[in-house]
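As the structure is a computational prediction, the values presented were derived from the model and not from experiment.
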Amino acid sequence: MSGSDNPSEMSEDEERPCPSDLTGGATAKARNCCFNAAVTGGGGGIFNFSPHPDQVLENVLENVLCFLTDRRDRNAASLVSKSWYRAEALTRSEVFIGNCYAVSPTRVTTRFKRVTSVAIKGKPRFADFSLLPPDWGAHFTPWASVLGDSYRGLEKLYLKRMSISDDDLGLLARCFPSFKELVLVCCEGFGTSGLAIVARDCRQIRVLDLIESEVSDDEVDWISYFPEKTCLESLTFDCVECPIDFEALEKLVIRSPSLKRLRLNRFVSITQLYRLMIRAPQLTNLGTGSFGASTVIDEPDPDYASAFAACKSIVCLSGFREIAPEYLPAIYPVCGNLTSLNLSYGANINTEQFKSVISRCHKLQVLWVFDSVCDEGLEAVAATCKDLREIRVFPIEAREDADAPVSEVGLLAISEGCSKLKSILYFCQRMTNAAVIAMSKNCTDLVVFRLCIMGRHLPDHVTNEPMDEGFGAIVKNCKKLTRLAVSGLLTDKAFSYIGQYGKLVRTLSIAFAGDSDLALKYVLEGCPKLQKLEIRDCPFGDLSLRSGLHHYYNMRFLWLSSCRVTLQGCQEIARQLPRLVVEVISGDNEEGSETGEHVNTLYMYRSLDGPRADVPSFVQIL
């Protein structure tokens with residue numbers, strides 16, 4: 001449990017943080033101050049009462065801890081002594097739960113009394129790739145009831161990969177009169193009926209962001225439920241796959257003068273986008289919706305470029321579910337100010353179209369794009385975007401046998417032209433050690449390096465050697481690296497490099513790699529900061545699993561699927577580490593325990609409150 005991180009536009013697939021900007025505030029700091037009391041007695045004398053020394057220490061600590069915002073710093077402070085523990089709990093306004101099953105809601109609310117912002121993560125990340133049965137769990141309902149009773153002053157809620165019902169949303173609206181921000185990332189279980197309740201009853205709502213979530217269509221016009229007077233600052237519904245009442249949306253935008261972020265779904269046409277933009281020139285973050293060809297016949301197109309030119313404050317641009325090439329020049333007026341551009345929502349933009357846009361984006365810091373831009377498009381990025389900090393290149397066709405149009409050429413260009421790069425996710429079909437080594441030398445500030453060579457066990461396509469030296473150079477030369485995803489043909493040697501040099505690595509993803517148990521042993525014994533370990537389709541068995549016994553209590557979770565771990569090996573871990581929850585998950589919702597030699601999926605995580613109560617039939621907790 002800890003306080004939340006700072007927000008970041010587009011970052012953080014996995015670590016998309018709680019959108020919170022809370023500070024202690026002058027009122028809170030004054031409230032926590034405590035001085036020696038001067039009391040006027042009946043005889044006119046003044047008596048000074050000094051509190052107990054321990055109380056003085058706690059009072060001082062409360063005032064100092066108000067300025068401590070990083071959640072890891074706060075965790076460290078709480079471990080100093082009982083006085084520090086109590087003072088830290090009293091001054092914490094934000095709580096971050098990295099795993100909804102790691103602690104009970106009651107334990108959280110008992111310890112932290114003054115919380116106004118809560119962030120909770122549910123399912124592990126591999127749920128995004130259909131590697132976890134849909135009914136596995138991560139329900140918000142138990143949390144909703146406890147938070148509703150204990151945190152009447154809750155203002156902000158961030159959920160990721162959780163199942164939240166319409167009833168849960170109704171409870172939020174009833175129990176939290178000061179509720180201001182709701183962010184649901186990769187969530188499910190709710191529909192437009194629940195959104196209507198939030199819009200109608202959360203009168204102070206400033207942020208309603210639905211990001212990559214599944215929203216059922218209850219045929220309820222939820223947009224029209226917002227009150228006449230709103231203080232909306234952010235409205236994101238690009239993932240909602242049902243039409244909205246545009247007239248209601250337009251009226252909402254008109255009466256929301258504080259609106260800065262607006263991300264539209266694919267049912268909003270480019271003509272409707274134009275109407276919204278001329279009514280909201282104050283926007284800084286825009287998701288365009290469809291951006292496809294106009295459906296209005298026999299009417300001239302509006303001057304779309306003038307609408308973008310009038311929105312001088314736009315710095316983040318996304319959307320583009322479809323792209324009509326003739327409309328693309330309309331965004332040119334804002335390109336010079338863009339710091340974030342996301343073209344990865346479905347539009348297949350080609351190289352020339354992309355180059356016409358990116359050549360104008362000199363201030364760009366974050367770029368998400370499809371590999372349809374080809375190596376030539378990435379070379380244009382390298383030539384223009386000298387301040388780039390994050391790039392993600394996704395595949396148009398996520399198949400192992402697909403002919404990916406980006407390669408080591410694009411990666412090398414980015415490394416040579418964007419030396420300030422801190423985070424990269426790169427999907428490709430072929431790669432070389434030389435290109436990866438060059439990136440390790442040119443971009444030494446890398447914090448996140450995720451290279452996904454989509455074909456299994458693919459070597460350096462020039463030398464036919466394993467990719468060991470490339471990944472070894474990344475962990476050796478990028479001293480700040482905390483997240484790493486490896487792929488391609490990798491031997492145990494690559495993992496010896498990771499264990500030797502990856503001392504700050506917190507998240508590691510491994511697929512189709514390694515020769516033997518020794519590979520995982522190198523990692524578990526050599527990476528002291530490791531928190532999240534994701535493994536699939538690797539030759540790792542019971543021996544390698546046992547090599548992490550000393551470290552599992554310090555990790556948030558270990559996910560292991562389609563490997564060589566046996567049920568007996570999992571049971572041994574459960575016996576030796578009783579505070580570790582060891583889940584064996586059958587595939588495709590099959591009931592009962594594993595009957596084969598190897599378990600299908602192993603999911604292990606630490607918990608202060610033992611195994612969960614909502615265990616489905618296809619999960620066996622050892």
How far apart are the C-alpha atoms of Arg71 and Asp73, what are their side-chain angles, what is the distance that settles it, and do they pass the salt bridge (charged side-chain N to carboxylate O under 4.0 Å, His left out) test? CA-CA 5 Å; Arg71 71 185 192 222; Asp73 291 342; over 6 Å; no

Any donor and acceptor pair, going by atom type alone, linking the side chain of [X] with main-chain N or O of [Y] inside 3.5 Å?
| X | Y | result |
| --- | --- | --- |
| Thr91 | Glu88 | yes |
| Arg206 | Leu259 | no |
| Ser163 | Ala138 | no |
| Thr192 | Asp218 | yes |
| Ser145 | Pro142 | yes |
| Arg263 | Leu286 | no |
| Arg255 | Pro227 | yes |
| Asp166 | Gly191 | yes |
| Thr507 | Arg483 | no |

Just by distance, no angles: are the side chains of [X] and [Y] close enough, under 3.5 Å, to form a donor-acceptor pair?
| X | Y | value |
| --- | --- | --- |
| Asp209 | Ser234 | yes |
| Asp245 | Ser224 | no |
| Asp301 | Tyr274 | no |
| Ser256 | Thr230 | yes |
| Ser344 | Asn342 | yes |
| Arg556 | Asn99 | no |
| Ser423 | Glu390 | no |
| Ser78 | Asn75 | no |

[atom1] of [X] to [atom2] of [Y]: how many Å apart, nearest 0.5 Å?
| X | Y | atom1 | atom2 | value |
| --- | --- | --- | --- | --- |
| Thr116 | Leu157 | OG1 | CG | 12.0 Å |
| Phe427 | Arg450 | CZ | CZ | 7.5 Å |
| Asn350 | Lys355 | CG | NZ | 10.5 Å |
| Met277 | Thr288 | CE | OG1 | 9.5 Å |
| Ser93 | Leu154 | OG | CG | 11.0 Å |
| Leu367 | Leu343 | CG | CG | 7.0 Å |

Would you sort out whether Leu364 and Thr339 count as a side-chain contact (heavy atoms from CB on, under 4.5 Å), showing the intermediate values? CA-CA 4 Å; Leu364 205 65; Thr339 59; 5.7 Å; no

How about [atom1] on [X], more than 12 heavy atoms from neighbouring residues, nucleotides or ligands closer than 6.0 Å, or not?
| X | atom1 | answer |
| --- | --- | --- |
| Lys386 | NZ | yes |
| Phe126 | CZ | yes |
| Lys123 | NZ | yes |

So, Arg74 and Glu94, do they make that salt bridge, N to O below 4.0 Å? no

Is Glu188 paired with Arg161 through a side-chain N to carboxylate O contact shorter than 4.0 Å?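 Between Glu188 and Arg161 there is no salt bridge, as every charged N stays at least 4.0 Å from the carboxylate O atoms.
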
How far apart are the C-alpha atoms of Ser117 and Tyr158, what are their side-chain angles, what is the distance that settles it, and do they pass the side-chain hydrogen bond (donor to acceptor under 3.5 Å, both in side chains) test? CA-CA 8 Å; Ser117 175; Tyr158 171 95; over 6 Å; no

Side-chain heavy atoms of [X] within contact of [Y], under 4.5 Å:
| X | Y | value |
| --- | --- | --- |
| Glu250 | Arg279 | yes |
| Glu241 | Asn265 | no |
| Lys121 | Phe96 | yes |
| Trp368 | Ile391 | no |
| Cys231 | Ser258 | no |
| Leu184 | Phe190 | yes |
| Glu534 | Arg125 | yes |

CA sep, side-chain torsions, deciding dist, call: Tyr345, Phe320, ring pair (Phe, Tyr, Trp, His ring centres under 6.0 Å): CA-CA 7 Å; Tyr345 278 112; Phe320 305 100; 9.3 Å; no

Pair Arg275-Glu247, salt bridge (charged side-chain N to carboxylate O under 4.0 Å, His left out): steps then yes or no: CA-CA 10 Å; Arg275 288 171 57 178; Glu247 299 299 328; 3.7 Å; yes

Test salt bridge (charged side-chain N to carboxylate O under 4.0 Å, His left out) on Glu233 and Arg261; report intermediate values, then the result. CA-CA 6 Å; Glu233 299 174 8; Arg261 180 191 289 117; over 6 Å; no

Check: Tyr151 ring centroid to Phe176 ring centroid under 6.0 Å: no

Would you please indicate if the ring centroids of Trp222 and Phe237 are separated by under 6.0 Å? yes

Could you list the residues that satisfy side-chain contact (heavy atoms from CB on, under 4.5 Å) with Lys260, not counting sequence neighbours? Gln282, Thr284

Sequence neighbours excluded, which residues qualify as side-chain contact (heavy atoms from CB on, under 4.5 Å) partners of Val447?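 Partners of Val447 by the side-chain contact (heavy atoms from CB on, under 4.5 Å) criterion, ordered by chain and then number, come out as Lys480, Thr482.
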
Which of Leu169, Leu171, Leu172 passes side chain to side chain contact (heavy atoms under 4.5 Å, CB included) with Phe140? Answer is Leu172

Can you list the steps and then say if Asp445 with Arg389 is a salt bridge (charged side-chain N to carboxylate O under 4.0 Å, His left out)? CA-CA 10 Å; Asp445 287 335; Arg389 309 301 172 91; over 6 Å; no

Apply the test ring pair (Phe, Tyr, Trp, His ring centres under 6.0 Å) to residues Trp136 and Tyr101: give CA-CA distance (whole Å), side-chain angles for both, the deciding distance (0.1 Å), then the verdict. CA-CA 12 Å; Trp136 175 79; Tyr101 291 124; 5.6 Å; yes

Does NZ or CZ of Arg200 come closer than 6.0 Å to the centre of the six-membered ring of Tyr225, within 45° of the ring's axis?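 The answer is no, since Arg200 fails at least one limit relative to Tyr225.
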
